[in-house]
Asker: 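One structure, as structure tokens, below. Some questions next.
Ligands are counted one by one from 1 in listed order, and the atoms in each one are counted from 1 as well.
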Amino acid sequence: MPEIPDLEAIRHYLMPRLEGLTVTRVEAPIPWLVRSGAVELESIVGHGFGEIHRLGKFLIFFMDGDRLLVINPMLTGRFHWVEAGARRPPRLGVVVAFDNGHELRYSDQRRMGRIYLVARDQLDTVPQIAKLGPDAMAVGEEEFLARIKKRAGQIKNTLTNGEFLAGIGNAYSDEILWEAQLHPHRRRSTMSEEDLRRLYAAIRSTIEWASGVVDQTVKEEGLGRKEEWRQHLQVHRRAGEPCPRCGEPIKGQVRSGSETNYCVKCQPLFT
Ligand SMILES: [Zn+2]
């Protein structure tokens, strides 16, 4: 599932490329991905794209005419930026063609992504967005502390709960908790204020660092071959490999299909 560093890299890659272009054609080969209506999507022909923002795991494309194209790629949504004649990827969901001969394509292996076209002042009508907590990279330290003190449960569950904080998923919650040296199943109610401040700092430093790495990779490789970039991660999907901090083998635990990785030595459950 793409998380903040992946979506930031996509945003940085696409924004300068879309600037000043006009949409000449739209296709929706998998029409139900466009939740606000595939026919409605055709109304963006003749319009141009402006800034691209990110909110949690949503990318928000600002369009002239006061509208927003909102995309949540969910588990497997991929963006492609190619010349119009390029071979089409499997599970191609949406194509937006531009007057410079390029196409912005969206493909989705598991076809779970969600695309909406809404008026600029109607962003809150997108399901999920109204309920989202503050973005993980926009929340201030004191607000973070105030919010997390209301949550008593296991810290990994809290971090990945979009209503608490938007944008952190399974992969980066593992990375952040490793950085903060907190066990993923540790209950928030057992954590000190110092633990929570260390956690806040780890969110920022981990995501900033990863965003730089992924940005560079996407700059070199372009979009389309992956929906997420994970090769730089320290513990996530590295079960059995030595912990980069202490050398102890990284532990892997699979629960309902998603894996949690951590170091039993650096991230003790009881302190
Ligand atoms: Zn360790």
Asker: With ring centroids as reference points, do Trp178 and Tyr172 lie under 6.0 angstrom apart?
Answerer: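 For Trp178 and Tyr172, the ring centres are not under 6.0 Å apart.
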Asker: So do Pro73 and Asp108 actually touch side chain to side chain, heavy atoms under 4.5 Å?
Answerer: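 A side-chain contact under 4.5 Å is absent here.
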Asker: Heavy-atom distance under 4.5 Å between the side chains of Leu21 and Phe49, does that happen here?
Answerer: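 No - every pair of side-chain heavy atoms lies 4.5 Å or more apart.
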Asker: Which residues and atoms, counting only protein N, O or S, are under 2.8 Å from the Zn ion (ligand 1)?
Answerer: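 Near the Zn ion (ligand 1), the protein supplies Cys243 SG, Cys246 SG, Cys263 SG, Cys266 SG.
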Asker: Per the side chain to side chain donor-acceptor pair (under 3.5 Å) rule, what does the pair list look like for residues 31-43, sequence neighbours excluded?
Answerer: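 Checked against side chain to side chain donor-acceptor pair (under 3.5 Å) - neighbours excluded - the pairs reaching residues 31-43 are Ser43-Arg67.
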Asker: Once side chain to side chain donor-acceptor pair (under 3.5 Å) is applied, what residue pairs with a partner in residues 44-62 remain, sequence neighbours excluded?
Answerer: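 Found Glu8-Arg54, His47-Asp64, Glu51-His53, Arg54-Asp135.
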Asker: Name all residues meeting the salt bridge (Lys or Arg N to Asp or Glu O under 4.0 Å) criterion together with Glu179; count only those two or more places apart in sequence or in a different chain, and write none if there are none.
Answerer: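 Applying salt bridge (Lys or Arg N to Asp or Glu O under 4.0 Å) to Glu179 gives none.
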